[in-house]
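Here's the structure, in structure tokens; my notes come after.
Just so it is clear, the values below take in all heavy atoms, side chains as well, and ignore hydrogens, waters and symmetry mates.
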Amino acid sequence: MQQNFDAIIIGAGAAGLFCAARAGQRGRRVALIDHAETIGEKIRISGGGRCNFTNIGTSPANFLSQNPHFCRSALARFTPQDFVALVTKHRISFHEKTLGQLFCDESSQQIIDMLLDECAKGGVTLMHPVTVQQIHRGDGFVVDTSSGPISAPKLVVATGGLSIPATGATAFGYEIAKQFDVPLTPLSAGLVPLALDAPELERYGLLSGVSFDTVVTTEVPGNGSNAEFREAALLTHRGLSGPAVLQISNYWQPGNHVAFDLLPGVDAGAWLNELRARRPVVTSFAKALTEHVPQRLADAWTKAHAPESGAKAINNWTRAELDQVAALLKVWRLLPSGTLGYKKAEVTLGGVDTKALSQQTMEARKVPGLHFIGEVMDVTGWLGGYNFQWAWASAAACGDAL
């Protein structure tokens, strides 16, 4: 027998859970469907198991989209402070790490439990593991599921993107968009490690595990400017990772270089001149470079880029050699061969084209009653809690409008 609801939400991740809770607590009869055995797996593994649930510095500038102004309204109406208030109400202790990132003191499970508790307060009907077999649209929406048909005038797609398929991520949300002729922007892996090809790996691959502070840059396609981030980078057996690289991966395009400043905040020319003037004479540039980068990186970089492989005492460097090394220290260019794909990506770039949606309600303009929230949309945040904040903000906008 068909069950009837006011709203059906497909996907019980961060956005789906929060949207269901908001709508349920406003008196709506909500069915929340998920195909997974365990709810909130992406929340569970986030932040090293402690869930970087928001960023107190969130602004529209921290997001990428082909329609960059779309996120402004939702972010303004539901702020990081609003979510912190909810976390505090549930007596979840948390702390701030670098750059405004907020983490649970104990476990990501506390955020999942909080969201499930909020859904329970709203009387949400949670259906899992339940698969969606077909969706029909008439006066409203009928969703055929493995537990039977359900119907509602409102359908919310909160199915996430393609990143981390081990958590159950699929392309289902994009398929629903296509079914109802809602346009998509191109999809790609975001916040993802970058691969290096064999020659670069031969030179630097043995440095796997070496981390260094840097400013990383890459060219932003289309406008001739550079994106840049000051964070730690990590060399791996397959290429490049760490927060700085994950951040820059959202902007990197195949065929473009990424450039690392190995002396962030330091005038490389002045530092080299000071080394050349030191007494006793600095005979090992690699040893001197360890003032700024780890020993293994200093050795490999010196061998690759310093005059006569670094064997030449610095006081014997020519002005041209000094200037060349100074320039390379500030702009160490590497050419990635690609990304490590959705398996290692934290988010999916692109998605449901926000030009086709209302920024107030997340509703498809040409398909009344159909809404999209969270990662399935073409709104992607930086690393550091921004994508969770978009999940909460887009879910609140939709849930309050249902």
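Side chains of Asp82 and Thr79: a donor on one and an acceptor on the other come within 3.5 Å. With 3.5 Å as the limit, one finds a donor-acceptor pair spanning the side chains of Asn273 and Arg319. Counting only N and O atoms by type, the side chains of Asn4 and Ser151 include a donor and acceptor under 3.5 Å apart. No hydrogens or angles considered: nothing links the side chains of Gln359 and Arg72 as a donor-acceptor pair under 3.5 Å. Between Glu375 and Thr348, the side chains place a donor N or O and an acceptor N or O closer than 3.5 Å (distance only, hydrogens not considered). Residues Glu363 and Ser358 have side chains that never bring a donor and an acceptor to within less than 3.5 angstrom of each other. Between the side chains of Asp105 and Ser93, at least one donor N or O lies within less than 3.5 Å of an accepting N or O. Between Lys42 and Ser163, the side chains place a donor N or O and an acceptor N or O closer than 3.5 Å (distance only, hydrogens not considered). In this structure, a donor-acceptor pair under 3.5 Å is present between the side chains of Gln360 and Ser73. Between the side chains of Glu118 and His90, at least one donor-acceptor pair of N or O atoms lies under 3.5 Å.
In this structure, Asn52 contributes its side chain and Gly385 its backbone to a donor-acceptor pair below 3.5 Å. A donor-acceptor distance shorter than 3.5 angstrom exists from the side chain of His35 to the backbone of Gly168, with no hydrogens or angles considered. In this structure, Ser108 contributes its side chain and Cys51 its backbone to a donor-acceptor pair below 3.5 Å. Side chain of Thr159 to main chain of Gly173: a donor-acceptor pair is present (N/O by atom type, distance under 3.5 Å, no hydrogens or angles). Judged by distance alone, the side chain of Thr145 and the main-chain N or O of Val132 form no donor-acceptor pair under 3.5 Å. Ser208 places a side-chain N or O within donor-acceptor distance of the main-chain N or O of His237, the cut-off being under 3.5 Å. Side chain of Gln25 to backbone of Arg22: no donor-acceptor contact under 3.5 angstrom is found. Checked by atom type and distance alone, the side chain of Ser65 pairs as donor or acceptor with a backbone atom of Asp378 at under 3.5 Å. In this structure a side-chain-to-backbone donor-acceptor pair under 3.5 Å is missing from Thr218 to Val258. Side chain of Glu200 to main chain of Asp197: no donor-acceptor pair is present (N/O by atom type, distance under 3.5 Å, no hydrogens or angles).
Going from atom CZ of Phe83 over to atom CZ of Phe78 covers 6.5 Å, rounded to the nearest 0.5 Å. To the nearest 0.5 Å, atom CG of residue Leu99 and atom CG of residue Asn62 are 10.5 Å apart. One distance of note links CG of Leu402 with OG1 of Thr361; it measures 9.0 Å at 0.5 Å rounding. If you take CD1 on Ile164 and OG1 on Thr167, they are separated by 5.5 Å, rounding to the nearest 0.5 Å. Note that the CD1 atom of Ile9 and the CE atom of Met127 stand 13.0 Å from one another [nearest 0.5 Å]. For the atom pair CG (Leu329) and CG (Leu289), the distance works out to 6.0 Å, reported to the nearest 0.5 Å.
Using a 4.5 Å heavy-atom cutoff, the side chains of Ile39 and Leu17 are in contact.
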Item to complete: Any chance you could lay out the side chain to side chain contact (heavy atoms under 4.5 Å, CB included) test for Leu370 and Phe141, step after step, and finish with the verdict?
Response: CA-CA 9 Å; Leu370 179 62; Phe141 296 88; 3.9 Å; yes
Do Asp213 and Arg230 pass the salt bridge (Lys or Arg N to Asp or Glu O under 4.0 Å) test, and can you show the C-alpha distance, the side-chain angles, and the key distance before you say yes or no? CA-CA 8 Å; Asp213 183 36; Arg230 169 78 184 266; 2.7 Å; yes
Report the C-alpha separation of Gln295 and Thr290 in whole Å, then their side-chain angles, then the decisive distance to 0.1 Å, and conclude whether the side chain to side chain donor-acceptor pair (under 3.5 Å) test is met. CA-CA 5 Å; Gln295 180 75 61; Thr290 60; 4.7 Å; no
Worksheet entry | salt bridge (Lys or Arg N to Asp or Glu O under 4.0 Å) between Arg44 and Glu41, intermediate numbers included | CA-CA 5 Å; Arg44 189 186 320 281; Glu41 197 59 24; 3.0 Å; yes
Show your working on side chain to side chain donor-acceptor pair (under 3.5 Å) between Asn67 and Thr354 and close with a plain yes or no.
CA-CA 7 Å; Asn67 182 17; Thr354 58; 3.2 Å; yes
- request: List the steps and the verdict of salt bridge (Lys or Arg N to Asp or Glu O under 4.0 Å) for Arg333 and Glu219.
  value: CA-CA 12 Å; Arg333 287 157 58 89; Glu219 184 180 344; over 6 Å; no
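Exactly one residue among Val376, Val156, Ile135 makes a side-chain contact (heavy atoms from CB on, under 4.5 Å) with Ile10. That residue is Ile135. The residue from Arg28, Arg29, Lys154 that alone fulfils the salt bridge (charged side-chain N to carboxylate O under 4.0 Å, His left out) condition with Asp6 is Arg29. Here the options are Val216, Leu194, Val245, the test is side-chain contact (heavy atoms from CB on, under 4.5 Å), and the partner is Trp252; only Leu194 passes.
Between Leu196 and Leu334, the shortest heavy-atom distance links the atoms CD2-CB, 4.3 Å. Pairing each heavy atom of Leu184 with each of Ala177, the nearest pair is CD2-CB, 3.9 Å. Contact detail for Ala195 and Leu340: the closest heavy-atom pair is CB-CD2, 3.9 Å. Looking at every heavy atom in both residues, Cys104 comes nearest to Ile111 through SG-CG1, 3.5 Å. Heavy atoms only, all atoms of each residue included: Pro307 and Val325 are closest at CD-CG2, 3.7 Å. Considering all non-hydrogen atoms of both residues, Val379 and Cys71 come closest at CG1-CB, 4.3 Å.
Trp392 and Phe388 have parallel rings, their planes meeting at less than 30° on a 0 to 90° scale where 60° marks the start of perpendicular. Note: Phe260 and Phe212 have perpendicular aromatic rings, judged against thresholds of 30 and 60 degrees for the angle between ring planes.
Between Trp382 and Phe63, the ring centre distance reaches or exceeds 6.0 Å. Taking the six-membered ring where the residue is Trp, the centroids of Phe53 and Phe94 are separated by under 6.0 Å.
More than 12 heavy atoms of other residues, nucleotides or ligands sit less than 6.0 Å from atom CZ of Arg276. Taking a 6.0 Å sphere around NZ of Lys330, one finds it holds more than 12 heavy atoms contributed by other residues, nucleotides or ligands. Atom NZ of Lys355 has more than 12 heavy atoms from other residues, nucleotides or ligands within 6.0 Å. Within a 6.0 Å radius of CD in Gln81, other residues, nucleotides and ligands contribute more than 12 heavy atoms. Counting heavy-atom neighbours within 6.0 Å of Lys121 NZ, excluding the residue itself, gives a total above 12.
Contact check on Asp299 versus Lys303 returns no salt bridge, with no Lys/Arg side-chain nitrogen under 4.0 Å from an Asp/Glu carboxylate oxygen. Between Glu291 and Arg278 a salt bridge is recorded (basic side-chain N to carboxylate O distance below 4.0 Å).
With sequence neighbours excluded, the residues that form a ring-ring contact (aromatic ring centres under 6.0 Å, His included) with His292 are Trp271. Evaluation of the side chain to side chain donor-acceptor pair (under 3.5 Å) rule for Gln179 yields no partner, not counting sequence neighbours.
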